[in-house]
**Student:** 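Take a look at this one; I'll ask things after.
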Number of protein chains: 2
Amino acid sequence: MVARYERIAAELRDDILRGAHPVGSTLPTDAELAARYSAARGTVRQALAVLVAEGLVGSRQGARRIVLGNSRSQSFAELHSFAQWAKSNGYSFGGQVLQQRRRAAGPVEAARLGSDEVLEVLRLRTLEAEPVLVERTVYAGWIAAAVEAIPRDCGSITQALFDSTGLVFAYGEHLIDAVAAGAQDARLLGVRRGSPLLRQRRITTTQEGRPVESSDDRYRAGSVTFSIRNSIGANPLIRQAGDLHFGA
Amino acid sequence: MVARYERIAAELRDDILRGAHPVGSTLPTDAELAARYSAARGTVRQALAVLVAEGLVGSRQGARRIVLGNSRSQSFAELHSFAQWAKSNGYSFGGQVLQQRRRAAGPVEAARLGSDEVLEVLRLRTLEAEPVLVERTVYAGWIAAAVEAIPRDCGSITQALFDSTGLVFAYGEHLIDAVAAGAQDARLLGVRRGSPLLRQRRITTTQEGRPVESSDDRYRAGSVTFSIRNSIGANPLIRQAGDLHFGA
DNA sequence: GAGTGGTCTAGACCACAAA
DNA sequence: TTGTGGTCTAGACCACTCC
């Protein structure tokens, strides 16, 4: 069952991407769209809100809505998976599943992933043959079987899931902070307990917004740096190898 | 004029951050909230959509809404200074200059800031009366006099420089990683040496792109989280206030 | 002043989760 | 089966933009 507003949003998006509404032009008014689709104004507004969130359409109170862009790729994540990033930068990389088990979702996970049963995976990833990243990932139940079918030493889970299911990931929210290495972190990464790690908590969804996984990724300090440029249109977040010279 | 749903959202957000609704607990139902605030269900849902978009609340059709988090986070979608961010979130904050001296720029600094002489400033900043941030900032020579004129306990340097010079900052590039606290960091922040800090190195420019400062900011672990969203919010009905749409 | 989008109301029905 | 959130309608008024 696809919601009415989703279908209207899809039609409008197609119109924009097709060029029927060029960048800079105004869209039909709420009332016109409501008449065209025989829907209530509220439903049309819900559809338009989708396009606004994607950055395709801009709106200001009192003024007509304007088409801001006509490329889908810009509105979605430019943040690639660890493997994609490493590959595109010419680094050698690897990965190894250390633990994997199904279990019941806690209340927070259930709400986050929309799933009662989850697959918990502990993965250690290497860069240039050095262990640099501990991933603790919780997958939604509907994708669990596909994840379990992936070889344990697969380097790119994203690629493997795309090959087996056709899924393309969109990256949702990222929370970045610093934490002290716990006992398990320290052992896996070869650092002392309590030493600094860069933590990235993230939620991954399909392009339609369906939650796929929730992950707690911990990078060894000095191995990876996140970079953000605050210029419009630029990639908001990219990873960089550590050891960058910045400032003095 | 603040919208009704914004005020309701703010109240609910405060309740969550205050701990009145612990993480994992369920929120009141739409109907209960509508009755409590004497608002229509649609208005309450609009407020809740704000919290869902912020990642504080999760929802699934048929199930009660659940509190997902209760931590403050700093979003990169908003190009705010520490003071602006703290103020907009209702936190008390302060700052104190500990050291300040002019010196010759190193070759990298000279290239980066376009300046032979620089002003080096060590600043300690507090949030809710706790020291959370050590800032080591290097200002370009042309702005040094204006910086030196700012009172040492000024909370918002950005504001002070705007007041005295009319300058508006644009934030250029941010590099984020984790480092171990050095001796000075540890002493100032009241943590053990070697304990994890979240480091943000950034370059600030004027809106025209002229470099103003280069800074190494170190946050005590657990005090602040950076958040980056690069896909559609869970509920597209709500636009984020003042959203600048980079990558969003 | 006319037109438009932003907000809000008060209903209704449906899909889904949990008991 | 009951309750909840998700969707949709049909109106209303307001704030704002643009002419």
Side-chain angles (χ1 to χ4, degrees), chain A residues 1-10 12 24-53 57-68 104-118 140-142 208-211, chain B residues 1-10 12 24-53 57-68 232-243:
Chain A
M1 183 58 180
V2 179
R4 188 77 194 287
Y5 76 87
E6 290 280 10
R7 291 203 304 273
I8 295 176
L12 286 172
S25 67
T26 58
L27 284 180
T29 65
D30 289 6
E32 284 167 350
L33 291 173
R36 174 185 309 177
Y37 294 108
S38 300
R41 183 177 168 225
T43 305
V44 168
R45 286 177 57 77
Q46 210 169 353
L48 284 165
V50 174
L51 303 185
V52 170
V57 170
S59 71
R60 299 149 55 209
Q61 187 176 77
R64 294 285 292 271
R65 295 178 200 273
I66 286 193
V67 177
L68 293 179
V108 173
E109 288 167 338
R112 221 188 269 282
L113 296 174
S115 167
D116 290 333
E117 192 192 22
V118 297
W142 62 272
E208 296 76 34
R210 188 178 188 191
Chain B
M1 184 58 182
V2 179
R4 187 77 193 287
Y5 77 87
E6 289 280 9
R7 292 203 303 274
I8 295 175
L12 286 171
S25 67
T26 59
L27 285 180
T29 65
D30 289 5
E32 284 167 350
L33 291 173
R36 174 185 309 176
Y37 293 108
S38 301
R41 182 174 169 228
T43 306
V44 168
R45 286 177 57 78
Q46 211 169 354
L48 285 164
V50 173
L51 303 185
V52 170
V57 171
S59 69
R60 306 152 66 194
Q61 187 174 76
R64 294 284 292 270
R65 294 177 200 275
I66 284 195
V67 177
L68 292 180
I232 304 170
N235 191 329
L237 237 186
I238 297 310
R239 279 196 316 135
Q240 310 253 10
D243 199 346

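Throughout, a chain's letter reflects where its sequence line sits, starting with A, and its residues are numbered from 1. These numbers were taken from a predicted model, which means no experiment stands behind them.
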**Student:** Can you see if the side chain of A:R4 gets near the phosphate of D:dG6 - specifically, an N or O under 4.0 Å from OP1 or OP2?
**Tutor:** no
**Student:** For D:dC8 and A:R7 - does any side-chain N or O of the residue sit under 4.0 Å from the phosphate oxygens OP1/OP2?
**Tutor:** no
**Student:** Rounded to whole Å, please give me the gap between CG in B:L51 and C1' in D:dG5.
**Tutor:** 15 Å
**Student:** Contact between B:L12 and B:V57 at the side-chain level, heavy atoms closer than 4.5 Å - yes or no?
**Tutor:** no
**Student:** Would you compute the distance between atom CG of B:L27 and atom CZ of B:R64 and round it to the nearest 0.5 angstrom?
**Tutor:** 8.0 Å
**Student:** Out of D:dG5, D:dT9, C:dT7, which has the shortest distance to the side chain of B:Q46?
**Tutor:** C:dT7
**Student:** List the residues meeting side-chain hydrogen bond (donor to acceptor under 3.5 Å, both in side chains) with A:R65, not counting sequence neighbours, and say none if there are none.
**Tutor:** A:D30
**Student:** State which residues pass side chain to side chain contact (heavy atoms under 4.5 Å, CB included) with A:A40; sequence neighbours excluded, sorted by chain then number.
**Tutor:** A:T43
**Student:** Please list residues of residues 24-38 of chain B whose heavy atoms come under 4.0 Å from any atom in DNA chain D, ordered by number; otherwise none.
**Tutor:** B:T29, B:D30
**Student:** Over how many whole Å does the gap from B:I8 atom CD1 to C:dT9 atom C1' extend?
**Tutor:** 12 Å
**Student:** Using the test side chain to side chain contact (heavy atoms under 4.5 Å, CB included), find all partners of A:A105 that sit at least two apart in sequence or belong to another chain.
**Tutor:** A:E109, A:A110, A:V118
**Student:** Below 4.0 angstrom from OP1 or OP2 of D:dT9, is there any side-chain N or O of A:T43?
**Tutor:** yes
**Student:** List in chain and number order the residues that pass salt bridge (charged side-chain N to carboxylate O under 4.0 Å, His left out) with A:E32, two or more places apart in sequence or in another chain; answer none if no residue qualifies.
**Tutor:** none
**Student:** Measure the spacing between CD1 of A:I66 and OG of A:S59 and express it to the nearest 0.5 Å.
**Tutor:** 10.0 Å
**Student:** Are OP1 or OP2 of C:dC8 and a side-chain N or O of B:Y5 less than 4.0 angstrom apart?
**Tutor:** no
**Student:** Atom CZ of A:R45 and atom P of D:dG11: how far apart are they, to the nearest Å?
**Tutor:** 17 Å
**Student:** Once rounded to the nearest 0.5 Å, what's the spacing between atom OH of B:Y37 and atom CZ of B:R7?
**Tutor:** 11.5 Å
**Student:** Using a 4.0 Å heavy-atom cut-off, write out nucleotides 12-19 of chain C from 5' to 3' as B (base contacted by protein), S (sugar-phosphate only) or - (no contact).
**Tutor:** B--BBSS-
**Student:** With a 3.5 Å distance limit and no angle check, can you tell me whether B:R41 reaches the backbone of B:A31 through a side-chain donor-acceptor pair?
**Tutor:** no
